Amino acid sequence: MGGSKITRNRERPVTMDTSGERPTPYSPTEIEPRWQDRWEADNAFHAAEDPERPKFYLLEMFPYPSGDIHMGHVRNYVLGDVLARFKMTQGHAVLHPMGWDALGLPAENAAIERRVHPAEWTVSNIGNMKRQFRRLGMSYDWDRELSTHHPGYYAWTQWLFLKMHEMGLAYRKGGLVNWDPVDETVLANEQVIDGRGWRTGAPVEKRRLDQWYFRITDYAERLLDDLDRLEGWPERVVQQQRNWIGRSEGARIDFTVEATGETLPVFTTRPDTVYGVTFMSLAPEHPLIDELIAPSEHGARVMPEIQRMRTQTLDVRMDENADKEGVFTGFHVVNPLNGDRVPLWVANYALMDYGTGAVMAVPAHDQRDFEFARKYDLPVRVVIQPADAPLDSATMTQAYVDDGVQVNSGPFDGQPNRDAIANITDHLAANDIGEGTVNYRLRDWLVSRQRYWGVPIPVMYEDDGSVTLVPEDDLPVAHPRDVEFTGKGGNPLARDEAFTNCVSPTTGQAARRETDTMDTFVDSSWYFLRFTSPRFTEGVFDREAAGYWMPVDQYVGGIEHAVLHLLYARFITKVMYDLGVSSVDEPFQNLFTQGMVTKDGGKMSKSLGNVVAPDDLIERYGADTARLFSLFAAPPELDLEWNDAGVEGCHRFLHRLWRVFDALLPHTADAADYDANTLTPDERELRRMTHVTIQRVSTDIQRRFKFNTAIAATMEMVNHLQGLAGPFTDNQQALLRESLEALARLLGPFAPHISEELWTRLGHTQSILRSGWPDADPDALAQDEVTIVVQVNGKLRGRISLATGSGEEDATAAALADENVCRHTDGKTVRKVIYVPDKLLNLVVG
RNA sequence: GCCGAGAUGGCGGAAUUGGUAGACGCGCUAGCCUCAGGAGCUAGUGGGCGCAAGCCCAUGGGGGUUCGAGUCCCCCUCUCGGCACCA
């Protein structure tokens, strides 16, 4: 073999290498199924508890089995798969399970349209999606598969309901609820987006119904406080939850209804303005209206108007540009601080959902109250004066909401309003006419759904209407199988007498079963706990298994669940913690929210006709190309715009990778180890390139989630190797072998099938998953010579090559020997030298 | 209105701590190979000036700090997301 220089061969590209080996074509359709079978046969992704190794619980939000996975799924699950395989290769005990959020309306709609039972439809979808996941090469431990529609799962969802009932956290109450007219069921507040149902987009109506609720508001403070502990969560998700919980500090103030003497409490964040109250506004839904006003002499006059306000749809009511409307009730209330008698109004801008449903109106210091007062010619009384320009209630054109000094405020006159807030709050408490309180925007979670394909709520009603819980031993309360799905007449469960008729376990008398099912968000609020012991029959999950695996080290999913699923899951985990079954009270240590997949600038959707089907993609290019593209085209947190040419590019890269191995493998067949001390500069450079790539890929995956740049680094490495041509010395062969082995392992998480295949062709018999992750050798990363950038007055004027670690004097001397640098320094004095060793030299001249 | 994220070539995007702006990929141009190519390979590819060496401009706009700013500070514009008649 010849010289020690590695030649870059331009005339003879590697594909034309004439070493005698016949090139083998890259054939994903042959390779991929073979490796999928092998992984399955080897039980390669089995999650085993092992105290010797660090554990890693990786979870992606499980899908609703709608029938086919779409590109959004592919992206989400490939992201997770990269991390799982990375951790597996590093030798962690990895739990990477998959399951099905299998209850929900599409199954029922399919039952109506196609006369197939929701269970059958669901199970068949699951089968298809599982096949698709397998084709993508996902590293799931299918032994732990679970589905929320399975009795072995939902029995424990029902158990959770019973426990929450015992704890006083599940309760039934009547009230105004959000009704989705398309899905024909009620919705929780979180599930109404801009006045529309989150699934259907239909404008939500208000109905007065008796429904089951979970008392999430009892956990508001903890849910809010513990957000501070979620350092591994994106700030915007934390912010959204903080917004949603909506804590505000203020005071309750008890006004009195003049006619009856009964107390009418209000919530305010501005107790300092209480002396400025000139009227009171009730929400149109306020109970006092039906109790007091409707039957009164004023009823006939005001009720039609109130009824009209009540029927305004939510999106009209919530539009802040909408006209403020109101009607005087004829009644008055008394201000407990100054004894003022002020008129009681009903106003459409007062919300029954917030505070107490009654607002003390201070037009001088609240913009909404101001507009209302001007419209209906109600008095404006200034009680806070700014320091500069005193306010005049007659000429004000808007409310003054900033700080100032109290006036017209009795004993509090002259105090800065900030002090008055505290002093008036103390005064309220001392006189038993109110107190400092904290109010939350968060409402209790309405969990009843008037649908069949959910978890039946395990309660029954006695003749007298009282609630009896189904005994734990009788769980699960299962769905009746022979049910007709007509799409008419509401919940099929309610029409099924065999289901509704039951016998009370306490009285032995006939009773009526609850026919509402639970919100499917309840099912998905604890599945991550169940994955730790999915077949456990002695309890909701095995406390020890959960203790080992929880919390989820990395959770991956869509941003759309920032408040919905992610808030509910935190709540239920805290409930499980309080029940003593979970050892953690926050489920997800780190959260990653990936961007959408778009095409032609919009979200991929059937209605837009811009859907790319994963099956077609795999058919044409193979799973590795599909995986690579969904990782490479954009950083994972940003939206990914689909681009067919980009897919081709990734496919070409895999072909190139394959050819590089084809060309170089024959030269590494019997490579021994190299001697790092006898390498030529070129050889050291090859070695350095290998180790730099190892380092880049490792940190990009682990620390930065930058899979796009990790893949770019491996592309650079392939580009570099592609330019090499033999013959090679022994040292060079050993170096090439090191490069190829590193390359195969670095690509393992991204393109697992081709990587396994190349790993095998390198002579290994074990899966690449057991190969260990390569380490970057710091010694190999060191350079003998570095390029130093030379600036003159901060502008780039030249580059010099110096031995690593050279001092400022040497660098300056070398720089001043550079022709172009001299052109800019000649005739000037060097006033200052900034030297960043091994990087940059800046000569400041003048 | 409040909160948060962002704006870099023809496009997707790099730039880890204030230190070579545009890695990698797409697209495009030229050439090679080929019966042919939609395959593969080689070279080039931010704008302007210049025969060239090289110089100037350039990270949404305007100021500032610094030897040096895509990166830090101030002001502005626009885009996206969340909350919003929340008392």
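Given the structure is predicted, the values throughout are model-derived calculations rather than measurements. Residue numbers start from 1 in every chain, and the chains themselves are labelled A, B, ... in the order their sequence lines are given, proteins ahead of strands.
- Heavy atoms only, all atoms of each residue included: A/Val833 and A/Leu843 are closest at CG2-CD2, 3.9 Å.
- With a 3.5 Å ceiling on both atom-pair distances, the Watson-Crick or G-U wobble partner of B/rC11 is B/rG25.
- Base-pair partner of B/rG18: not found among the strands shown (Watson-Crick or G-U wobble, both distances under 3.5 Å).
- Look at B/rC32: its Watson-Crick or wobble partner, with both distances under 3.5 angstrom, is B/rG40.
- Taking the P atoms as reference points, B/rC75 lies 13 Å from B/rC3, given to the whole Å.
- Atom CH2 in A/Trp658 sits about 21 Å away from atom C1' in B/rC41, given to the nearest Å.
- When all heavy atoms of A/Ser248 and A/Phe267 are compared, the closest pair comes out as O-CZ, 3.6 Å.
- B/rC49: Watson-Crick or G-U partner is B/rG54, with both key distances under 3.5 Å.
- With hydrogens and angles left out, the side-chain atoms of A/Asp700 and A/Thr709 include a donor and acceptor closer than 3.5 Å.
- If you take CG of A/Asn643 and C1' of B/rC24, they are 14 Å apart, rounded to a whole angstrom.
- The distance from atom CG of A/Asn793 to atom P of B/rG68 is 8 Å, rounded to the nearest whole Å.
- Figure legend. B/rA87 is base-paired to no nucleotide; pairs are counted as Watson-Crick or G-U wobble with both atom distances under 3.5 Å.
- For the residue pair A/Phe279 and A/Pro363, the shortest heavy atom distance occurs at CE2-CG, 3.8 Å.
- Comparing B/rG62 with B/rU77, their C1' atoms sit 10 Å apart, to the nearest whole Å.
- Rounded to a whole angstrom, the distance from the C1' atom of B/rG22 to that of B/rU59 is 9 Å.
- Checking B/rG68 for Watson-Crick or G-U wobble geometry (two distances, each under 3.5 Å) identifies no partner in any strand.
- Sequence order on RNA chain B of the closest nucleotides to A/Val789 and A/Ala634 puts A/Ala634 first from the 5' end.
- Pairing for B/rC2 is with B/rG82, a Watson-Crick or G-U wobble pair whose two hydrogen-bonding atom distances lie under 3.5 Å.
- Looking at heavy atoms from C-beta onward, A/Phe632 lies out of side-chain contact with A/Phe750 at the 4.5 angstrom threshold.
- Pairing each heavy atom of A/Ala742 with each of A/Thr690, the nearest pair is CB-CG2, 3.9 Å.
- With a cut-off of 3.5 Å on both Watson-Crick or G-U wobble distances, the partner of B/rU59 is given as none.
- Nearest-nucleotide positions on RNA chain B place A/Leu638 closer to the 5' end than the other of A/Leu638 and A/Gln240.
- Comparing the same atom, C1', in B/rA21 and in B/rG13 gives a spacing of 13 Å after rounding to whole Å.
- To the nearest whole angstrom, the two C1' atoms, one in B/rC26 and one in B/rG9, are 13 Å apart.
- Look at the P atom in both B/rG68 and B/rA14: the space between them is 29 Å, to the nearest Å.
- Across B/rG81 and B/rG27, the matching C1' atoms stand 31 Å from one another, rounded to whole Å.
- Taking atom CD of A/Glu716 as the reference point, atom C1' of B/rA23 lies 6 Å away to the nearest angstrom.
- Against the 90° criterion about 0, the sugar-base torsion of B/rG37 places it in the anti range.
- For the C1' atoms, the distance linking B/rG64 with B/rA69 amounts to 11 Å, nearest Å.
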